[in-house]
Number of protein chains: 2
Amino acid sequence: MDKKPTTAPKGRQQPRVKIEDVARKANVSPATVSRVLNHPEIVRPELRDRVMRHIADLSYTRDSAARALKSGRMRTIGIIVPTLALGIFAEGVEALQNRLSESGYTLFIANSQYDQRRELQELQSLIERGIDGIVLVGGSHERELRALIEQAAVPVITTYVSKAVGGIPAIGIDNESATREMTDYLRRLGHVHFGAIANVVPASNDRSRARLDGIQRALSEAGIPLKPTQIIKADYSLAQGRSALRQLLNDHPDTTAVICTTDTLAIGAMAEARKMGLAVPGSLSITGFDDIELAAQMDPPLTTISVPAAEIGRGAADYLINAISGSPVPKSVLLPYRLVMRASTAPPRPGERPVRRQQARDQ
Amino acid sequence: MDKKPTTAPKGRQQPRVKIEDVARKANVSPATVSRVLNHPEIVRPELRDRVMRHIADLSYTRDSAARALKSGRMRTIGIIVPTLALGIFAEGVEALQNRLSESGYTLFIANSQYDQRRELQELQSLIERGIDGIVLVGGSHERELRALIEQAAVPVITTYVSKAVGGIPAIGIDNESATREMTDYLRRLGHVHFGAIANVVPASNDRSRARLDGIQRALSEAGIPLKPTQIIKADYSLAQGRSALRQLLNDHPDTTAVICTTDTLAIGAMAEARKMGLAVPGSLSITGFDDIELAAQMDPPLTTISVPAAEIGRGAADYLINAISGSPVPKSVLLPYRLVMRASTAPPRPGERPVRRQQARDQ
DNA sequence: TTGTAAGCGTTATCAC
DNA sequence: GTGATAACGCTTACAA
């Protein structure tokens with residue numbers, strides 16, 4: 001490790017060039033320079049050009065702190081994600097940032113590690129920074145959060161869910177409806193013996209909760225409600241997908257379809273199935289959620305729900321930019337998901353599994 | 001899509017509570033309130049408590065723009081990553097953010113999409129925002145970048161590489177040495193027929209370039225230099241890992257070891273090998289780089305290089321915090337990587353290959 | 001059309 | 001130990 005210590009360059013040593021310097025060089029008043037920058041159309045073209053030249057010459061840039069102080073606007077948005085480790089959030093953040101950048105906004109990022117207490121602290125810190133808008137994930141938050149946001153009078157939007165909760169507008173998909181649809185699809189394939197693997201740890205993850213609800217309701221309505229032991233609770237790691245499948249099949253060897261609330265869990269489940277010598281989808285259908293890049297590349301490719309993360313990010317940016325400028329904004333934005341049927345699902349094959357199926361589907 | 005438009009709440013409508021309000025309520029001068037906040041130890045305890053109570057009562061928070069204007073410090077760091085889609089960057093960013101948050105700093109995030117021109121623009125925007133420090137990735141940048149940074153007199157550090165380039169200190173691993181070690185390891189296993197799959201698209205990716213260099217140099221020194229057709233250039237997608245392996249084996253059917261500069265490429269290569277009926281590691285050894293979560297979960301688990309992304313992020317934070325405060329900082333920080341030997345590598349089995357290959361093709 | 005000048009909210013430097 | 005006061009760099013009435 002190269003540790004030769006040198007003294008760091010201390011902050012701005014050369015005093016920053018300011019508007020007054022430009023004004024002096026251009027022989028105009030600071031106000032004119034400011035106008036050239038902010039309302040070029042009201043400055044005489046000839047003068048404007050001269051000023052602009054000097055601005056470029058001195059490579060002058062405005063001090064954003066001073067601007068913010070004067071205008072009350074930071075041109076800054078904050079986002080708090082549970083974690084960046086999940087590609088789905090990373091993708092949304094990236095899209096958000098790109099769109100904001102186009103509009104001259106900059107993005108503060110913070111992460112809560114799925115800890116609502118910490119989310120509140122980060123929000124506090126963001127608000128103190130004077131952000132003009134805030135992006136959250138999901139609808140499950142600490143009590144104080146709403147008061148904090150209201151007091152700061154900062155526009156807010158929550159993402160990856162579709163229903164406004166507690167007055168906070170949302171942009172995202174209907175998670176419950178998505179897993180309902182997935183469940184129905186599997187039912188139509190002929191499956192009767194289901195299992196669910198859900199990343200409902202921690203409990204604050206309301207997206208996964210909704211996904212699990214969708215599965216449970218669809219099956220209840222179909223008259224084959226899930227028993228508690230048919231629901232394996234996990235976090236979002238691949239390893240837990242593995243152990244969850246093992247546990248599920250241990251308790252319910254007749255399972256023919258496993259619905260996971262996350263691709264990562266599904267991929268773990270697939271890996272375990274392979275290890276157990278179970279053919280997918282021959283002996284066991286497995287489904288995921290999110291449609292991460294890897295899903296399509298699995299062997300077999302994973303049937304899953306595609307979540308429009310980039311659109312969510314862009315939409316959140318647009319929402320906030322409009323809200324800040326006082327433009328009309330929707331109460332919430334429901335984005336479509338897509339059920340992507342690939343090769344990890346198929347009709348169950350009666351007879352081939354330990355347990356008899358009265359299934360009528362042909363192969 | 002729920003589109004009922006409502007009028008957005010416009011910016012701060014209630015005037016923000018300021019230091020003067022607290023001062024009036026507490027019957028002290030604004031200066032005292034400021035001191036309570038910034039140097040509590042020099043204020044009479046009794047007075048201090050009273051002021052603090054009123055601060056809490058009004059839930060007063062300091063205006064960061066005004067503070068920044070006065071102090072010249074924004075307590076803000078910026079980072080520009082090529083993309084957030086790569087887990088390795090997301091992990092580093094998260095660690096960076098966590099450490100900064102502990103120290104009262106907030107992180108601006110921007111992404112360049114591997115476009116150096118865009119990196120420069122984002123940097124410009126960050127500097128205008130008055131950031132106190134900047135984190136970059138890699139050592140390959142636009143010409144103007146250095147001048148910009150120097151002029152702004154902002155401490156900077158580049159990450160995921162270990163050598164300071166052009167006066168910009170670095171924190172990360174020695175990528176070239178890592179692949180060298182990987183290559184040597186495979187050589188010791190007995191491999192002679194190598195192939196490399198490198199994500200050297202786009203060319204600005206100097207980390208991958210260094211990784212490829214490591215492979216090439218190690219093999220040159222061993223007297224078995226790689227032919228151009230033994231090097232497949234790719235981007236960083238799994239799909240390209242697949243096609244790269246196919247092309248490689250097409251041109252060089254006798255290949256027994258494939259070194260990839262990225263886990264994702266390696267996983268793609270493994271998937272393709274399986275599809276071609278090639279046993280890994282029996283017929284073909286495959287290695288990755290990064291040690292993403294999935295690597296250990298593959299079947300077989302992937303031999304790879306573990307990159308300490310979280311340490312890089314934390315280290316970058318510490319570096320900048322020290323640099324900003326004028327504390328001594330190292331010229332660069334070389335972090336150790338780890339060669340993680342798992343089951344995707346084994347000694348070559350001469351003679352067994354050609355036959356299998358044919359069988360695989362015919363299927 | 002351009003210049004003058006008054007703040008924006010905070011903190012540091014002075015007096016007291 | 002505490003209070004008045006003067007910046008920090010910019011924008012915008014208002015005046016010219």
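A, B, ... follow the sequence lines: proteins, then strands. Residue 1 opens every chain. We use all heavy atoms of the structure for the numbers below, so side chains are in, but hydrogens, waters and symmetry mates are not.
- One atom, CG of B:L47, and another, C1' of D:dG3, lie 11 Å apart when rounded to the nearest Å.
- Going from atom CG of B:D21 over to atom P of C:dC8 covers 12 Å, rounded to whole Å.
- Counting all heavy atoms, side chain and backbone alike, A:D21 lies closest to A:R16 at OD2-O, 4.0 Å.
- In this structure, A:R117 pairs ionically with A:E144, as a charged nitrogen and a carboxylate oxygen lie closer than 4.0 Å.
- Side-chain atoms of B:S140 and B:Q116 include a donor-acceptor pair closer than 3.5 Å.
- For the residue pair B:R129/A:S64, the side-chain donor-acceptor check at 3.5 Å is not satisfied.
- The nearest whole Å value for the distance from the CZ atom in B:R75 to the P atom in C:dT10 is 17 Å.
- The shortest non-hydrogen separation linking B:V51 to B:V22 is O-CG1, 4.4 Å.
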Practice problem: Take nucleotides 8-16 of chain D nucleotide by nucleotide from the 5' end and write B, S or -, depending on whether a protein heavy atom sits under 4.0 Å from the base, only from the sugar-phosphate, or from neither. | Solution: BBBBBB---

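- Using cut-offs of 30° and 60° for the angle between ring planes, the B:F89 and B:Y160 rings count as perpendicular.
- Between the side chains of B:E94 and A:T83, a donor-acceptor pair is found at a separation under 3.5 Å.
- For the residue pair A:S59/B:Q151, the side-chain donor-acceptor check at 3.5 Å is satisfied.
- Annotation: the terminal axes of the helix from C:dT1-D:dA16 to C:dC16-D:dG1 meet at 40°, where each axis is the rotation carrying the C1' atoms of four end pairs onto the next four (5 pairs per end, rounded to 10°).
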